[in-house]
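Notes to accompany the following structure.
Order of the sequence lines fixes the chain letters, A, B, ..., with proteins taken first and strands second; residue numbering starts at 1 for each chain. Just so it is clear, the structure is predicted and the values come from calculations on it, not from any experiment.
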Protein chains: 2
Amino acid sequence: MVKDKNTEQRIFEAARIVFQKKGLAGARMQEIADEADINKALLHYYFRTKEKLFEAIFNEVFDNISSGLEKLFNTEMGVVERFRFIVEIYIENLLKNRQIPLFVLNEMNRNPEKIQMLIEQKIVIYLKNFMMQIQQEIHEGKIRNVNPFHLLMSVLSMTIFPFVAYPIIKGIGEKNMPINIDTFYMERKKVIIDFIENTLKP
Amino acid sequence: MVKDKNTEQRIFEAARIVFQKKGLAGARMQEIADEADINKALLHYYFRTKEKLFEAIFNEVFDNISSGLEKLFNTEMGVVERFRFIVEIYIENLLKNRQIPLFVLNEMNRNPEKIQMLIEQKIVIYLKNFMMQIQQEIHEGKIRNVNPFHLLMSVLSMTIFPFVAYPIIKGIGEKNMPINIDTFYMERKKVIIDFIENTLKP
DNA sequence: GTCTATAAGTAGATAGAC
DNA sequence: GTCTATCTACTTATAGAC
């Protein structure tokens, strides 16, 4: 249960927890109120409607992703080094917020028309720039000639997918694996970075 | 709208469409009825409750996955060859059923206790056997020494994730890419298989 | 700002005619 | 088997006291 802090923050954090677990349609205002330890009417006092509350949560999540990308891509950095950063930062962050990928993917797929613009302006633009940088380094002979789009998609897949496939990983890892699941996620950093380096070394 | 066929099949197919698009909580019985072009009461006549109808759909999807895995893993085949099969068959199938991954991942993550057993018995068991085969071929020196769990997870990620990330791919691909999105998905077969071969060649 | 009580609307489920 | 009409329960949202 969310305590301390002012009411609006409490509601916000409670809503984040519930929406990320249940999705927009599956979440109940009552559950959010309980989680925030306040009355249901207060939710409406602060956020008017369920949709608006959800939007507030989603926008915050999306902005975090976006500003993270901005930081990653507005620093001067070579392609391989940048990939390394992406993988490390993403895995660190996703370990702390494991529900985020499914939450975002759901909203992206269920309301594409609604957030297409957001995706375009806050995600795709950075990825496109990065692909141009990759193209550039290929041209300069710094890295091997690969398809930047596919490479980027492979790296994102290897990084993010294991977090949405948690139940499968848990199923595999639980009994006859010598390591715990968090260790597995941490190990992936090296696995993915090795893949990148192998793929790109000239 | 689903026509022809008997009523039960019509309901079933309509429910599959709606549940895969909206999820259990987001789906409406009325919408399923409309999609099937029948009355709402008939849904209950054939399937009693929304939950049971959903379960019927989910079990069918899950059985398809499971029987697919069974076919893939009960054939005599080397590791590399088997990986090739997996990637090709999965991409072919997912191109025809793009909503499946998100649908299944959602249910797995939202009702883990409910389907943990299913995952264990119908998915994980095959993956574990395959990892043992990988271990075996490593031992025999047929393939390079890699971590089977990570390799498997990487391949599954690269294969499946792009289908749940469709909105991002669309955003990237739509304007300044010379190919259409289906071509991109088809190309991934080769990309992933190349990765496997490079990773495993001794 | 925060609560209780309640209104208003929606969705799943059933009764009963045909 | 299939339909219309209706019930019941739940959920969002609001009114109004404090």
What's the [atom1]-[atom2] distance between [X] and [N], to the nearest Å?
X        : N       : atom1 : atom2 : result
Leu43(A) : dC3(C)  : CG    : C1'   : 13 Å
Leu53(B) : dG12(C) : CG    : P     : 11 Å
Glu55(B) : dG12(C) : CD    : C1'   : 16 Å
Phe47(A) : dG1(C)  : CZ    : C1'   : 14 Å
Leu42(B) : dT14(C) : CG    : C1'   : 13 Å

Notebook entry, point to check: Would you call Asp63(B) and Lys122(B) a salt bridge, taking side-chain N to carboxylate O under 4.0 Å as the test?
Noted result: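 Judged by the 4.0 Å cut-off on N to carboxylate O distance, Asp63(B) and Lys122(B) do form a salt bridge.
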
Notebook entry, point to check: Is a salt bridge present between Glu35(A) and Arg10(A), judged by a nitrogen-to-oxygen distance below 4.0 Å?
Noted result: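 Answer for the salt bridge query: no.
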
Next item on the list: Sequence neighbours left out, what pairs pass salt bridge (Lys or Arg N to Asp or Glu O under 4.0 Å) with at least one residue falling in residues 83-101 of chain A?
Entry: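 Passing the test, one end in residues 83-101 of chain A: Arg84(A)-Glu197(A), Glu92(A)-Lys189(A), Arg98(A)-Asp182(A).
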
Notebook entry, point to check: the helix from dG1(C)-dC18(D) to dC18(C)-dG1(D): angle between its terminal axes, five pairs each, to 10°?
Noted result: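 Rounded to the nearest 10 degrees, the bend comes out at 10°.
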
Notebook entry, point to check: Would Ser154(B) and Arg188(A) count as having a side-chain donor-acceptor pair, cut-off 3.5 Å?
Noted result: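 Arg188(A) and Ser154(B) do have a side-chain donor-acceptor pair below 3.5 Å.
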
Next item on the list: Would you tell me whether Gln136(B) and Glu140(B) have side-chain atoms, one donor and one acceptor, within less than 3.5 Å of each other?
Entry: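 Short answer, yes.
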
Checklist line | Partners meeting side-chain hydrogen bond (donor to acceptor under 3.5 Å, both in side chains) with Asn198(B) (sequence neighbours left out) | finding: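 Asn198(B): side-chain hydrogen bond (donor to acceptor under 3.5 Å, both in side chains) contacts with Lys201(B).
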
Item checked: B/S/- contact track for nucleotides 12-18 of chain D, protein heavy atom under 4.0 Å -> BBB----

Check: Who are the side chain to side chain contact (heavy atoms under 4.5 Å, CB included) partners of Lys190(A), not counting sequence neighbours?
Finding: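 Partners of Lys190(A) under the side chain to side chain contact (heavy atoms under 4.5 Å, CB included) test: Asp194(A).
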
Could you give the side-chain donor-acceptor pairs of residues 110-117 of chain A under 3.5 Å, partners two or more places apart or in another chain?
unit_1: Arg110(A); atom_1: NE; unit_2: Lys21(B); atom_2: O; d: 3.1
unit_1: Asn111(A); atom_1: ND2; unit_2: Glu107(A); atom_2: OE2; d: 3.4

